[in-house]
Amino acid sequence: MTPDTTPSTYLQSLNRGLHAAMAADEAVHFAGEDVLDPYGGAFKVSAGLSTRFPDRVHTTPISEGAITGLASGMALRGLKPVVEIMFGDFLTLTFDQILNHAVKFGAMYGTEVPVPMVIRTPMGGRRGYGPTHSQSIEKHFCGIPGLKVISPSHVHAAGDLLGAAIASETQPVLFIEYKSLYPLPLFTGSELLNVAPAPTGSYATRIVRNFETGEPDAVLIGYGGVAPLMLEVAERLAEEEINVSVVLPAVISPLDIAPIAQEVACARRALVVEEGVAGFDWGAEVAARLHETLFGKLDRPVRRLASKPQIIPTSKDGEAGTLISADDIEAAVYEELA
Amino acid sequence: MQKALTPRGSLRAMYETMALIRAVETSLLDLFGKGKLRGTVHTGIGQEAIAAGVVAALDLDRDVICSNHRGHGHYLAYCGDAKGLIAEIMGRPDGVCKGVGGSQHLHKKNFYSNGILGGMAPVSVGMAMGEKTKRSGAIVVQFAGDGALAEGAFYEAFNMAALWKLPYMLVVEDNGYAQSTPKALEQSGTLADRAKPFGIRVMEVDGNDAEAVHEAAETLSDHIRSGAGPGVLYCSTYRLAPHSKGDDIRDKTEIADAWTREPIVRARAKLPLEFCDAVDQAVATHVRDIIEALA
């Protein structure tokens with residue numbers, strides 16, 4: 001698949017990625033709730049697909065568990081299904097199908113059975129949808145053997161990653177899109193921030209730095225919806241001449257710690273940021289892996305930053321007071337550098 | 001064992017299948033008792049006519065089977081691979097799934113099983129979607145027990161299968177018990193009617209009568225293969241052996257009575273005695289040879 005070089009928003013990139021993947025391979029089918037044009041999906045990520053590929057786009061009943069099972073069945077019989085779960089919160093209903101079915105077929109029969117399927121879903125808050133439509137629950141799906149969890153930031157060419165997952169993966173992928181990223185242009189750098197050249201690989205970890213020469217004073221690690229917050233903090237700190245690297249893996253499980261550890265080894269101070277709630281979180285895995293990798297080489301313990309462990313209120317102030325913010329991150333960086 | 005020269009749907013051929021299943025599963029219980037098997041085994045002793053009758057009605061070159069935790073009979077009816085099955089349950093590398101899957105997780109060609117009840121319904125429907133998309137002409141047949149019909153996944157699957165007229169057949173093996181719980185304590189209404197409001201064709205049959213099962217399965221599979229949409233074959237039967245092993249709390253006279261109406265007794269009444277005895281002897285030798293070779 002050729003890289004998408006047209007300037008676009010995160011959402012447009014995903015939409016183009018889906019169009020390209022379906023155009024490239026007739027085995028690709030798309031299924032989900034309310035995905036037909038003119039509606040085109042609750043967040044319009046699937047816009048235009050049903051018009052262009054009417055036989056391969058399936059609007060489904062409100063049955064998240066069953067459509068996930070449907071995808072497994074289609075994948076086992078030679079198709080490459082992509083399933084849209086309307087809100088990430090609804091992934092709870094897919095858990096049995098993912099854990100006890102989709103990821104088992106590939107390995108439990110003694111020889112590898114291909115199960116090429118992608119479950120994609122919008123995650124996260126900041127849009128006032130309240131306690132059951134704003135969560136970031138992907139941590140519950142991390143650490144499942146056989147499941148790849150991908151959550152690109154807006155620094156990644158999100159649509160290319162989605163296209164690569166659809167075209168190349170032979171086992172199930174959970175693709176987490178952050179709703180708060182949908183309207184943002186893909187980030188390629190700014191006056192104060194530079195994006196390091198992408199290493200090879202479909203889902204390469206991207207690094208954004210607020211300095212040209214020298215070493216980072218601290219490294220911020222995160223994925224998905226917290227990327228714009230971390231970039232904002234990096235811009236603020238640039239003005240204070242504090243060097244910060246923002247490290248953005250796309251594959252959050254299983255985790256390749258090497259590119260993260262490489263940057264952290266220079267700074268010796270690291271903060272892990274996520275929008276999900278604190279406790280038994282993704283940051284705990286990152287911190288543990290960094291401590292294993294860099295034992296004795298860090299100046300401070302790895303600091304975890306997450307949203308408060310409580311429900312997400314609908315009110316603007318209530319939501320803002322619950323979810324991790326740029327101010328929280330900035331304050332934490334100062335504490336770590338103190 | 002010699003391949004049957006008789007047509008697959010004949011009572012003689014189905015008797016051979018049933019006898020093989022019975023011999024293998026009886027041996028599995030024996031091996032379990034001797035401590036040769038780990039984990040658990042769920043046998044379908046008494047339910048063999050359903051496996052034999054349904055599978056004999058399928059096109060084995062293309063049709064797909066999704067089985068459950070009680071799937072040895074389905075597997076043997078599908079491919080006759082007693083050695084691969086026994087070795088698998090013994091956890092050996094020469095088992096059909098190299099000892100990884102064990103009793104409840106079998107896969108060979110178009111046969112797949114999983115020990116999670118209900119979850120295979122949407123998967124089977126997805127497979128049916130795949131086959132319909134490929135225009136293969138195949139149908140997907142899922143086996144499930146009466147207890148599993150309490151799982152909600154079935155009703156989501158029924159809805160999609162009927163909505164999209166998918167080539168999906170659910171074979172219900174109603175053996176009256178969900179593990180230890182009798183049907184009356186866990187199912188409301190008429191279980192055989194559960195799929196009807198979806199517009200799904202339901203055929204009810206005596207699941208201990210191999211010929212009746214076979215005839216119904218042929219009728220229903222033709223209907224489904226014609227593109228008319230999914231179907232349910234509802235088979236009444238009785239599980240003669242415990243749910244897994246040695247965990248039977250059912251009434252002993254009820255079990256004894258069921259032994260007089262079980263499918264092999266029923267088939268023997270219609271077949272020449274010498275044929276049946278010869279088959280029984282052949283499968284006994286076949287299974288004994290396998291187990292000796294694996295010991």
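So that the names make sense, note that chain A is the first sequence line, chain B the second, and so on, each numbered from 1.
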**Prompt:** Taking A:N100 for the side chain and B:G115 for the main chain, is one N or O donor matched with an acceptor at less than 3.5 Å?
**Reply:** no
**Request:** Give a yes or no on whether the backbone of A:F105 and the side-chain of B:Y112 come within a donor-acceptor separation of less than 3.5 Å.
**Result:** no
**Asked** At what distance, to the nearest 0.5 angstrom, does NE2 of A:H58 lie from OG1 of B:T133?
**Response** 5.5 Å
**Fill in**
Honestly, the part of A:T60 sitting under 4.5 Å from a heavy atom of chain B is both
**Message:** For a quick test of reading the model, state the closest non-hydrogen atom pair linking A:Y109 to B:L106 and the distance between them.
**Reply:** CE2-O, 3.4 Å
**Item:** Exceeds 12 heavy-atom contacts within 6.0 angstrom, atom CZ of A:R127
**Value:** yes
**Message:** Within residues 124-132 of chain B, which residues come under 4.5 Å of chain A, heavy atom to heavy atom?
**Reply:** B:V125, B:G126, B:M127, B:M129, B:G130, B:E131
**Message:** Which atoms of A:L79 are under 4.5 Å from chain B, going by heavy atoms: the side chain, the backbone, both sets, or neither?
**Reply:** side chain
**Prompt:** For A:I62, does the CD1 atom sit with more than 12 other heavy atoms under 6.0 Å from it, leaving out its own atoms?
**Reply:** no
**Request:** Heavy-atom pairs under 4.5 Å with chain B are the metric here; pick the option from A:P61, A:A27, A:S72 that has the most.
**Result:** A:P61
**Request:** With a 4.5 Å heavy-atom cut-off (strictly below), which parts of residues 98-105 of chain B touch chain A? List them by number.
**Result:** B:K98, B:V100, B:G101, B:H105
**Asked** Taking the side chain as C-beta and beyond, is there a heavy-atom pair between A:H101 and B:M120 under 4.5 Å?
**Response** yes
**Request:** Under 4.5 Å heavy-atom distance to chain A, tell me which part of B:K108 shows up: side chain, backbone, both or neither.
**Result:** neither
**Under 4.5 Å from any heavy atom of chain B - which part of A:D96** = side chain
**Complete:** One option among B:V96, B:N110, B:V140, B:V64 has the most heavy-atom pairs under 4.5 Å with chain A, and it is B:N110
**Request:** Pick whichever of A:A102, A:S63, A:G78 has the most heavy-atom pairs under 4.5 Å with chain B.
**Result:** A:S63
**Request:** Check whether A:A75 gets within reach of chain B through its side chain, its backbone, both or neither, counting any heavy atom under 4.5 Å.
**Result:** neither
**Asked** Looking only at heavy atoms, what is the nearest atom pair of A:A66 and B:P122, with distance?
**Response** O-CB, 3.5 Å
**Request:** Decide yes or no for B:I116 and A:K104: does some side-chain heavy atom of the first lie under 4.5 Å from some side-chain heavy atom of the second?
**Result:** no
**Fill in**
CG of A:L70 to CG of B:L166, rounded to nearest 0.5 Å, is 8.0 Å
**Item:** Between B:A157, B:A138, B:S113, the one whose heavy-atom pairs under 4.5 Å with chain A are most numerous
**Value:** B:S113
**Asked** Does atom CD of A:E26 have more than 12 heavy-atom neighbours from other groups under 6.0 Å away?
**Response** no
**Asked** Does any non-hydrogen side-chain atom of B:E156 lie less than 4.5 Å from one of A:I67?
**Response** no
**Message:** Is there a side-chain contact between B:V123 and A:Q97 in this structure, where contact means two heavy atoms from C-beta onward sitting under 4.5 Å apart?
**Reply:** yes
**Prompt:** Is the NZ atom of B:K36 crowded by more than 12 outside heavy atoms at less than 6.0 Å?
**Reply:** no
**Asked** Where do A:M108 and B:N114 land on the side-chain contact (heavy atoms from CB on, under 4.5 Å) test, with the steps shown first?
**Response** CA-CA 9 Å; A:M108 74 176 175; B:N114 192 350; 3.8 Å; yes
**Asked** More than 12 foreign heavy atoms under 6.0 Å from NZ of B:K109: is that the case here?
**Response** no
